[in-house]
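A short write-up of the structure that comes next.
For clarity, every value in this text was computed on a predicted model and none was experimentally measured. Side chains included, hydrogens not; waters and symmetry mates left out as well; all remaining heavy atoms used.
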Amino acid sequence: MNSCQSNASYLQRPDPDLPICVERTVLVWLPLAFLWLCAPWGFTTLCKKPAKAPLSKLYICKQVVAGLLLLTAIAELPLTLAEDYGPSSDSTAQKHPVVLYANPVLFAVSWVVVMLCQECVRRRPRSVDSGSLFMFWLLQVLCAVFQFQTLLRDALNKEEIDDLPRFCLFYISNGLQLIALVLSAIADVSPEVKIISQTNPEAKATFLSRITFSWFNSMLIKGFKRPLVQEDMWDLNEKDSTQTICREFEDIMAKELKKAHSRLQKKQNKRKTKNDHQSGLAKGVSQDVLVMEEMGKKKEKKKKKKKDSESDYPNSWLVPTIAKTFKGVLLETALYKLIQDILAFASPQFLKLMISFTQDKTSHAWTGYLYAVLLLVVAFLQSVILQQYYNRCLILGIKVRVALMAAVYKKALVVSNDSRKESTAGEIVNLISADAQRFNKVTNVLHLLWSYPLQIALAIAFLWIELGPSVLAGLLVMVLMVPINGWLATKSRGFQVENMKFKDTRMKIVNDILNGIKVLKYYAWESSFEAQVQEIREKELKVMRKFAYLSSVSTFIFSCAPAIVSLATFAVFVSVSPDNILDAEKAFTSISLFNILRLPLTMLPELISIMVQTTVSKKRLEKFLSGDDLDTMSVTRDDSHSAAVSMTDGTYAWERDTEPVLKNVSLDIKPGRLVAVVGAVGSGKTSLISALLGELHSLRGRINIKGSVAYVPQQAWIQNTTLKDNILFGSNLDEEHYLSVVDACALGPDLDLLPGRDQTEIGVKGINLSGGQKQRVSLARAVYSSADVYLLDDPLSAVDSHVGKHLFERVIGPKGLLKDKTRILVTHGISFLPYVDEIIVLVNGVVSEVGSYDGLRASKGAFSEFLETYGKDESNNADARKASAQESDYEQIDTLPEGLEPQADDSLEDIVSSTLKRENSLRHSQRHSKRNGSVRVRKNSSVRSKKDSGDKKGQRLIEKEAMETGRVKFSVYLQYMRSMGWCFVTWSFLFYFIQNVAIIGQNLWLSDWTDDSVEYFNTTYPAHIRDMRIGVFGALGLAQGFLVFFGTILIADGSISASRTLHTNLLSNILKAPMVFFDTTPSGRIVNRFAKDIFTVDEMIPMSFRSWIFSILGVLGTLFVICLATPIFIAVVVPMAVVYYFVQRFYVPTSRQLRRLDSVSRSPIYSHFGETISGLSVIRAYGHQQRFLKQNEDTIDQNLKSVYPWFVSNRWLAMRLECLGNLVVFFAALFAVISRDSLNSGLVGLSISYALSMTQILNWLVRMTSELETNIVAVERVREYAEIKNEAPWITSNRPPDDWPTAGNIRFDNYKVRYRPELELILHGITCDIASTEKIGIVGRTGAGKSSLTNCLFRIIEASEGRILIDGIDISTLGLHDLRSRLTIIPQDPVLFSGTLRMNLDPFEKSSDEEIWTVLELAHLKDYVRGLPTGLQHEVSEGGENLSVGQRQLLCLARALLRKSRILILDEATAAVDLETDDLIQNTLRTEFSHCTVLTIAHRLSTILDSSR
């Protein structure tokens, strides 16, 4: 037994065993070698100062076990020595082999190493166990199994124990090793880690838990019990937090940028010397040649300019920065990917062995079992490594995205005007949304760039071994598929672009409809607009159908590919020579290799296109991040100066190469003075303020400011937080000071109007405040900050005169809160100038005079000219101001026109663009409304809704959108299928089913074909059989393709009909919804239904529906084939199906909710970003950059808290499913071994190669199920709005006569009305008679119910009691369209729709062009429209932006004239118009509507002077 010579054939028998010599050498040294390799990594911590880790009980147990093992090892040495050289030893006997001396010594040293390693683990901060030690113990125990059974077997055979002491020592040490293995799998949690793990369980996860992701279970259990919320998210690991990632990234970025700058410098110098050299040569050339050259040079210059602009920023530094920052993770993932790729090729080799085992009936059964176990082990290893790889890659991707987002944000805070000019706010937001996201995507697939070619090479090599050169046939087919797919992709991209155009047009009209819904209802124009949208929608669906057909062609190619490839290869293989016979080994090994090849070949083109897109993003990011920063030294802060603000000889420009906007300006402002800066428009007043803030490019001169600065910009910048936070702006709250500031800034009355007082949340860009309110909040922020120097850029222009007076007296002026501070006030308000200490007059960027008010007036210079210009305007306004003083019984509230409620779920770009547009129109209306105090409140909208929501909802303006939670009801799926049409659904399912049958048939045919190799063994293979085999195989392959093609086309047609139905229902129902719905629902939410949800219905659902059918049939097919080969497999299928179902149901709720949390927490990042960009100068002026950086980091962290768990949840699931799939493989192989006598090799090959693809299909199935469930929610959301309660029917059976109303008598009969059933009455029993052609003026203070009266006439609000009769007909009995189309209203705000002028006047095209020109003439617009190049076809932009407010109001007048109805209602129709336009309108009304009954709601007395009563 002791000799290693007796190497008899241990393996060639039914009960195999390894030679003792192997057991005692190789199997002993293998685990020890592993330990010695891993130990040095661990020892690094021994050198460092130890972390304060107490000795835990677990640690002591581990060390005791290792100590005992050391003793057993030491005990073995003297034993051997004594036997060889002791007194009782027989000197003639053969000595023990060297191994018995070497092994105890090796063991002894190793156990000491283990003890040291365990000490290292204890010292490593926050570590709970060691993966390498666990692996070592596992290896040790596994390798000892062989010796274990050998010793036992010997003892049992001989019925006695040869070598008792060694026998005992071996079993003792084996027992101890088992204990050590168990101990090493338990977490050793220190008190510090315990605290961390309460908010982040990952901290205490052991090695086993980390590779199986079991530490995530607690989150899944929580998510299974109830929907998760943001508060349930765990804290981030320190290494994953934004701050840590950015610190590393920015350090490396700074170094790389420096290198890139020096590279650029060298390049430019080279170019310079080259140019100088050339110009030197040219000096001696004659004149004519020079002229020629000049021209040539000009051309060259142009070219050069282009070239220069491409490369005049440092480039090629971003990728190295990312690589160096994350090099550790990159190398780690590369290693994982390499191992995984190699393992992927092991399975087909085992499959080959398995088949040859079933063919060779003489081989021993144990080899089969060994192969089955090996298949399982390899598959399991592959799963573990693949999931670790994915996890690392995804987290790396997120880290890259975060690093870039934070870097762009940080850059945006310091970027100079030059660089900022090159990228608009929208573009910068795109940098963090689109471009950073691209980098995220690329890092996920980065390793595939070398892994795919490697996989292709390996697969071809193995295939070559199997089939020889005939592989090239199959490969050729695969390569040919690539350009075809490429062509299809470009073609379909074209369709996609076309589709986007239609989508945009459709969304524009929908937006218009929602913004002007009130006007549509007043005029009964809904059906015209509905037809417009439907027309575009039809075009859109047409393009979608083309796109769907194209993609069914590519599906056809994709599904045929595997069949055609294997057909080509096998056909060539058997035709080349009669000796080539296809046997099961070759066929099924090749097929599983082709399956591996399929993915890399289809994905490579995709990969390349991702790379190309990323290079574009790389350029954009590099250009932005390497731009110049603001010069922080341009403004010094030296407190020793006597002057508070001094500027000496300052010449400043906005950008490097532009004209200076300030020339040789010198100022000296003493502390505590109030200085006004005046000048005509464009004279450089704002530039002066910007220069003092350091925002301008300094050409020469110095600026010094003593103390801190507060700044009020011309256009107030408001943050999307509460009103109070907007004023505090990061300072601490001092209640008394705060209240005095609010009072001084006249914000008291505004707070009473806001639903949550100062806790009201202000919408994006301050959208629920009026211009004046925003300006006052902005001023309050400055006053609260208690700075030393105040720079006020025309803060009084946005407020009306008496508020301006109040602000000047209480805040800015000599008696105000700021009387002891230095104030520089830019103003146009002449009335304030007598009260200031000093006036600076600017003309064209030069200071023309400085002095006091009286002094400057006397000097008759530029200042008195300025007074002339602005004095005229002021006197014109004086009359208006008197009028507004008389009207002081109206509440003066600054509010916005309706429709400006904050729009909760607009996407960022929409918000940015629509808000800009809206701001423009506001400026417009403010310009016009300055004449008459402030913009009037429309009683029925803003104030009312605020008042009643005040008591109920607190500070929210608008109810939060319901976020669906829990499972999607089955009825939603049914509804979708019903809208597809059952015929489509059943037929497409049938086609797919038959296609699956064809796949199985083809594979069974192949396994039958391979049996020929046994039948025709050593004889020639008959040609007719060969041809039949190839023919049927090919036919079944093509049949699959065609079946899929038809199935896909049917699904495409079905889904288009579903899209049509759902969109039509949604649209027609939204148009029939009552006005209340639009008042309480932000338009962003409705737009979202039309945009995102309809997009999902159009494009996402059909895809996921198709994939889901595919994968479910795939799984069923696989199970069917395995059961067909080994019926006993059915016994395993049932329990596995149960497990699968539970895992899936357990996972989906959490995953779904994490997805939702991710999207909810992502939008604040973008909105905070957009907000920062627009308020840069304010943030810089107050010096709050650090606070905003911190806030940005926190916002990103909030998002990461739901992103990381979502990734882990996917890995958790994949791990579980892959294990299930691996078990399928194992059982398929095991049963094949058990029943190998009854099986032919073809079926074995078939069932195992099917089983090998199982893991992928299972994974795919779960992904598709959860994707389908996520997407089908869109149907639910669309359905929700398609089932809103409608207003009364548009047309009823009771129709009025055609010429009704003939007289226009209106009678209110005890009329009462309330807005919503649960609210108070707003009109209390009105009874009155209005005779034909009477002109009635309706007045009353804000909120008295004036506008409600008109709304009742149009039945926008329905009566709760009483009735209205017009010409004796009760209006509540008529259809709404019959009623509304016979009345005419000129509403308060002139709403226009995008489209032609003609469409705006007459959407139903009932009138002739002559009639339209006539009414335009009456509305004083004829000349204007005549002057337009396209006349009546002139395109009106969205909301009528390209017309002035006055022109819009006149168009509304023209609309009214065109309708020729007997009853006209004017709802403050001239509130937004200047006096001139007002006169025009009044004259037209007097003449043209003399025969009508006119009701006028007015604020100006002049408007209703003509009324009869």
Side-chain angles (χ1 to χ4, degrees), residues 4 7 10 17-46 62-63 65-77 80 96-121 124 129-151 166 169-170 172-185 207-208 211 331-332 335-336 338-340 342-343 346 370 373-374 377-378 380-382 384-385 388:
C4 286
N7 263 359
Y10 282 95
D17 197 355
L18 286 175
I20 284 180
C21 143
V22 175
E23 284 176 6
R24 287 204 174 170
T25 54
V26 180
L27 293 184
V28 168
W29 299 340
L30 197 79
L32 296 185
F34 175 78
L35 172 72
W36 290 52
L37 275 175
C38 296
W41 292 98
F43 287 163
T44 48
T45 44
L46 279 179
K62 284 178 179 174
Q63 292 296 43
V65 170
L68 289 172
L69 280 166
L70 180 63
L71 291 178
T72 60
I74 293 170
E76 203 170 333
L77 256 184
T80 314
H96 283 305
V98 185
V99 172
L100 292 186
Y101 288 103
N103 281 0
V105 177
L106 284 175
F107 271 129
V109 179
S110 299
W111 300 141
V112 174
V113 171
V114 166
M115 290 167 91
L116 285 171
C117 284
Q118 289 175 347
E119 170 60 19
C120 294
V121 173
R124 213 178 330 162
D129 71 340
S130 157
S132 48
L133 274 178
F134 174 79
M135 292 298 295
F136 161 70
W137 287 121
L138 187 66
L139 265 175
Q140 183 64 39
V141 170
L142 286 177
C143 290
V145 167
F146 291 98
Q147 209 174 343
F148 185 99
Q149 54 99 31
T150 304
L151 288 174
R166 272 201 193 76
L169 279 175
F170 174 77
I172 289 168
S173 78
N174 205 12
L176 288 169
Q177 283 166 23
L178 262 174
I179 293 168
L181 173 66
V182 172
L183 290 178
S184 72
F207 174 71
L208 269 179
I211 63 172
L331 287 170
E332 195 183 12
L335 184 70
Y336 281 139
L338 186 66
I339 299 174
Q340 197 266 327
I342 293 167
L343 283 176
L370 178 70
V373 172
L374 280 174
V377 172
V378 168
F380 180 73
L381 272 177
Q382 205 181 332
V384 168
I385 285 173
Q388 290 301 320

Can you name the nearest heavy-atom pair linking [X] to [Y], along with the distance?
{"X": "Leu69", "Y": "Gln177", "answer": "CD2-CG, 4.0 Å"}
{"X": "Arg24", "Y": "Val99", "answer": "O-CG1, 3.8 Å"}
{"X": "Ala108", "Y": "Ala73", "answer": "N-CB, 3.8 Å"}
{"X": "Phe34", "Y": "Ser132", "answer": "CE2-O, 3.4 Å"}
{"X": "Thr150", "Y": "Phe146", "answer": "OG1-O, 2.7 Å"}
{"X": "Leu77", "Y": "Pro104", "answer": "CG-CB, 3.9 Å"}

Point to revise | Check: Arg166 main-chain N/O paired with Glu76 side-chain donor or acceptor under 3.5 Å | key: no

How many angstroms lie between atom [atom1] of [X] and atom [atom2] of [Y], to the nearest 0.5 angstrom?
{"X": "Ile211", "Y": "Leu381", "atom1": "CD1", "atom2": "CG", "value": "9.0 Å"}
{"X": "Cys143", "Y": "Leu138", "atom1": "SG", "atom2": "CG", "value": "9.5 Å"}
{"X": "Phe107", "Y": "Thr72", "atom1": "CZ", "atom2": "OG1", "value": "8.5 Å"}
{"X": "Leu30", "Y": "Thr25", "atom1": "CG", "atom2": "OG1", "value": "10.5 Å"}
{"X": "Leu70", "Y": "Ser110", "atom1": "CG", "atom2": "OG", "value": "10.5 Å"}
{"X": "Ile172", "Y": "Leu176", "atom1": "CD1", "atom2": "CG", "value": "7.5 Å"}

Do the side chains of [Y] and [X] get nearer than 4.5 Å, heavy atoms only?
{"X": "Val109", "Y": "Trp36", "answer": "yes"}
{"X": "Trp137", "Y": "Val114", "answer": "yes"}
{"X": "Phe134", "Y": "Asp129", "answer": "no"}
{"X": "Asn103", "Y": "Trp29", "answer": "yes"}
{"X": "Leu142", "Y": "Leu27", "answer": "no"}
{"X": "Phe136", "Y": "Leu32", "answer": "yes"}
{"X": "Val121", "Y": "Cys117", "answer": "no"}

Contacts of [X] that satisfy side chain to side chain contact (heavy atoms under 4.5 Å, CB included) - sequence neighbours left out:
{"X": "Val145", "value": "none"}
{"X": "Leu71", "value": "Leu68"}
{"X": "Ile385", "value": "Tyr336, Ile339, Gln340, Leu343"}

Review point. Within a reach of under 6.0 Å around CZ of Phe170, are more than 12 heavy atoms found that belong to other residues, nucleotides or ligands?
Key: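 Count over threshold, so yes.
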
Review point. Between Val65 and Lys62, is a side-chain contact (heavy atoms from CB on, under 4.5 Å) present by the stated rule, with each step listed?
Key: CA-CA 5 Å; Val65 170; Lys62 284 178 179 174; 6.0 Å; no

**Study point:** Chi angles and distances behind the side-chain contact (heavy atoms from CB on, under 4.5 Å) call for Phe207, Leu133
**Key:** CA-CA 10 Å; Phe207 174 71; Leu133 274 178; over 6 Å; no

